[in-house]
Protein chains: 2
Amino acid sequence: MAQRITMAAVARRAGVSPMTVSNVLRGKASVAPELRARVEEAVRETGYRVNVSARTLRSGHSGVIGLLAPGTDSPFSYYGMLGGLIAQEARRHGLSLVTETPEADLLAEVAAVERARTLAYDGLILTPLALRPEDASLLPAELPVVVLGERPAPTGTAHISLSNQEGMFAATTHLLERGCRSIALLAGDGWPETDPLARRIDGYRDALAAWGGETGEPMLIPVAGLTAQAGREAARDSVDRGLRPDGYVGVTDSVMLGAVRGLADRGLRVPEDALAIGFDGLPEGEFSLPSLSTISPDHRWIARRAVELLQERIDAPAPAELGGLEIRAPFTLVERESTRR
Amino acid sequence: MAQRITMAAVARRAGVSPMTVSNVLRGKASVAPELRARVEEAVRETGYRVNVSARTLRSGHSGVIGLLAPGTDSPFSYYGMLGGLIAQEARRHGLSLVTETPEADLLAEVAAVERARTLAYDGLILTPLALRPEDASLLPAELPVVVLGERPAPTGTAHISLSNQEGMFAATTHLLERGCRSIALLAGDGWPETDPLARRIDGYRDALAAWGGETGEPMLIPVAGLTAQAGREAARDSVDRGLRPDGYVGVTDSVMLGAVRGLADRGLRVPEDALAIGFDGLPEGEFSLPSLSTISPDHRWIARRAVELLQERIDAPAPAELGGLEIRAPFTLVERESTRR
DNA sequence: TTGTATGCGTTATCAT
DNA sequence: ATGATAACGCATACAA
């Protein structure tokens, strides 16, 4: 936008050089208190604002970071919720957040990353759907990146993930403790070994195995995606196929919220006919009927760590050399109506 | 970010001047096809990307627009949902969207607008909570703005609002037609005349009046905010105070979803004990139990018009001179389980 | 149709 | 501690 007042104007007014104004504005140490005061007053009087484009052009960083994550635009969206927290956290670091939702194919993801570079983002918080560990080379080496999510991250990047196996183990065990003996997992059985959420499936299987012989076989109800709509359809289909488990575990809360709805479509009620628990700790689960028990990662912790790690990498002279890092977010099991009888 | 390859490098490689490269990149008409081809190849070979900061510095526009709206970070958020659609629409215009959620006071709002200017946004889609018509002067004259939302907009701006009165009239009438005779409005009675949603209250009153003498007095249940939590608390309190309407109208879906939950907390069920209808057409209302009837504005229409109008103003030589514009989004009444018996 | 000169507003570098 | 100079990469204005 038109930016009439320049640094030079402020400098003239304060009777100093533009360089001094620049130093004051960026909080550089060595400016005499008196000059500093004069400059600050001149800034106020003139209503001066820095021109970010000029600053970025010269200094090489823009103060903008990007969040590339799936489904931020759909209902009950995990990344929609997390995006809000990340934006807050970013602001505390003086950074702005731009959110984008690329399609789930490799080309679109790479294009989104390229776009981020084109737009001069200082860094990227990225939840890849298609990018695999071996695709690390597709990430520009000089672009600071923090990876979120459950897929194996491109090698050499900082990666924050959830305790998928442990979480799902806890969720399944919770249902077992509440008396369920025939527990279905809404997850999709066709998912490849490398699927991001394969660990969650493992946790479910492990919990059944660990409990002893009194549980039925693992029962996998396939869902077509991680949306409420997919969960709803999967639940209906499973009922139509005659499945009647006494407990449901959802790979995500959005899937489970949809599934509870789908069960209701077929006249089945939670928790009366079956218990249900999800994964993600979506705030909406607190308001649903029944309210949804869930494995809730510490979202604020994740947002904070993600921005911190990114900031570190932005500040580092050679981000790539910081190397890989794998950290797990802590979680709690939140018990609500859907697992109470 | 470090941006090694410059336009000059591409130009050298293609054997033309930097200016020709610039023209090719921006699709200027007059470039010989042969040169164009050579330039395009050079761009591919070098992996060149424009430096947006330099372009912005020189040309004055950044390709970024901002959305300033409340509550994008809370569950069942109207603007969270709408923001997703606006981002899609913006992308079709070659624009990126940055979303921010300022606090609901005048200072914070003005600061957010200032910040938008600082960051060289090309324009702003704004839902003011505190800015009033008379505060138009606080908006930089040269900043293209489109205002969304139900408060009276700063004078002289383009404003897209909902058909609040008509919508609420339709919602209330719908409950009357379904047999309700004692209908409460969850809205807050302490709200000033100028409140954004005062028109919705009007619509409710009008509908009761228009129906004839068989309805009770208007019954206003005050809510502390437009969140699910506020709706929940309001509903509980009203029950505790002995109110037992046979129908509820919510100023927003998020309030109503919370209220349905709050009624359940007190053992009351929708639609068995009372019908309920909201306003906003949140997608989550399709998955709730019961699914929520609602007045649903055409969100895609709103997103499309908002970006179109903003683009117009960005392209205009003097945006301010385009003058004020008031348009209303179309809506439909979506009937779901919460109003079926 | 293409190229040349110039400056956008800022900050890195180096000199004082 | 402060200031002078140059350069960041591009697009405007104009010349050829």
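The figures here come from the full heavy-atom set of this structure, side chains too, leaving out hydrogens, waters and symmetry mates. Fair warning: this is a prediction, and the values are worked out from it, not measured in the lab. Just so we're on the same page: letters track the sequence lines, and every chain starts at 1.
Partners of R305(A) according to the salt bridge (charged side-chain N to carboxylate O under 4.0 Å, His left out) rule, which considers only residues two or more places apart in sequence or in another chain, are E308(A). Taking A87(A) as the reference, L97(A) meet the side chain to side chain contact (heavy atoms under 4.5 Å, CB included) condition, with sequence neighbours excluded. Applying the salt bridge (charged side-chain N to carboxylate O under 4.0 Å, His left out) criterion to E89(B), with sequence neighbours excluded, gives R92(B). Residues passing the salt bridge (charged side-chain N to carboxylate O under 4.0 Å, His left out) test with R91(A) are E100(B), sequence neighbours excluded. Every side chain to side chain contact (heavy atoms under 4.5 Å, CB included) that E312(A) has, sequence neighbours left out, goes to L309(A). Under the rule for a salt bridge (charged side-chain N to carboxylate O under 4.0 Å, His left out), the partners of R38(B) that lie at least two apart in sequence or sit in another chain are E34(B).
Counting to the nearest Å, the P atom of dA7(D) and the CG atom of N51(B) are 17 Å from each other. Note: CZ (R55(B)) to C1' (dG7(C)) measures 18 Å, nearest angstrom. The separation between I5(A) atom CD1 and dC8(C) atom C1' is 16 Å, rounded to whole Å. Regarding R36(A), its CZ atom lies at a distance of 12 Å from the C1' atom of dA1(D), rounded to whole Å. Across the protein-nucleic acid pair, H61(A) atom NE2 and dT10(C) atom C1' stand 12 Å apart, rounded to whole Å. Across the protein-nucleic acid pair, L25(B) atom CG and dC10(D) atom P stand 9 Å apart, rounded to whole Å. Rounded to whole angstrom, the span from the CZ atom of R12(A) across to the P atom of dT2(D) amounts to 20 Å.
Near DNA chain C, defined here as any heavy-atom distance below 4.0 Å, the residues from residues 13-21 of chain A are M19(A), listed numerically.
When each of dC10(D), dA11(D), dT10(C) is scored by its nearest atom to the side-chain atoms of A54(B), the top-ranked nucleotide is dC10(D). Comparing dT2(C), dT11(C), dC10(D) by their nearest atom to the side chain of M7(A) picks out dT11(C). Taking only side-chain atoms of L57(A), from C-beta outward, the nucleotide of dT10(C), dA11(D), dC8(D) with the closest atom is dC8(D).
A donor-acceptor pair under 3.5 Å links the side-chain atoms of D122(B) to the main chain of S62(B), judged by distance alone. T157(B) places no side-chain N or O within donor-acceptor distance of the main-chain N or O of V145(B), the cut-off being under 3.5 Å.
Along DNA chain D, the nucleotide nearest R26(B) and the nucleotide nearest S53(B) are compared for position; the residue whose nucleotide lies closer to the 5' end is S53(B).
Side-chain N/O atoms of R58(A) and base N/O atoms of dA12(C) include no donor-acceptor pair closer than 3.5 Å.
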What pairs of donor and acceptor atoms, side-chain ones from residues 8-22 of chain A against any protein atom, are under 3.5 angstrom apart with sequence neighbours left out?
| unit_1 | atom_1 | unit_2 | atom_2 | d |
| --- | --- | --- | --- | --- |
| R13(A) | NE | E45(A) | OE1 | 2.7 |
| R13(A) | NH2 | E45(A) | OE1 | 3.0 |
| S17(A) | OG | M19(A) | N | 3.3 |
| S17(A) | OG | T20(A) | N | 3.3 |
| S17(A) | OG | T20(A) | OG1 | 3.4 |
| S22(A) | OG | R26(A) | NE | 3.3 |
| S22(A) | OG | R26(A) | NH2 | 3.1 |

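Annotation: the terminal axes of the helix from dT1(C)-dA16(D) to dT16(C)-dA1(D) meet at 30°, where each axis is the rotation carrying the C1' atoms of four end pairs onto the next four (5 pairs per end, rounded to 10°).
Taking only side-chain nitrogens and oxygens, S22(A) comes nearer than 4.0 Å to OP1 or OP2 of dT11(C).
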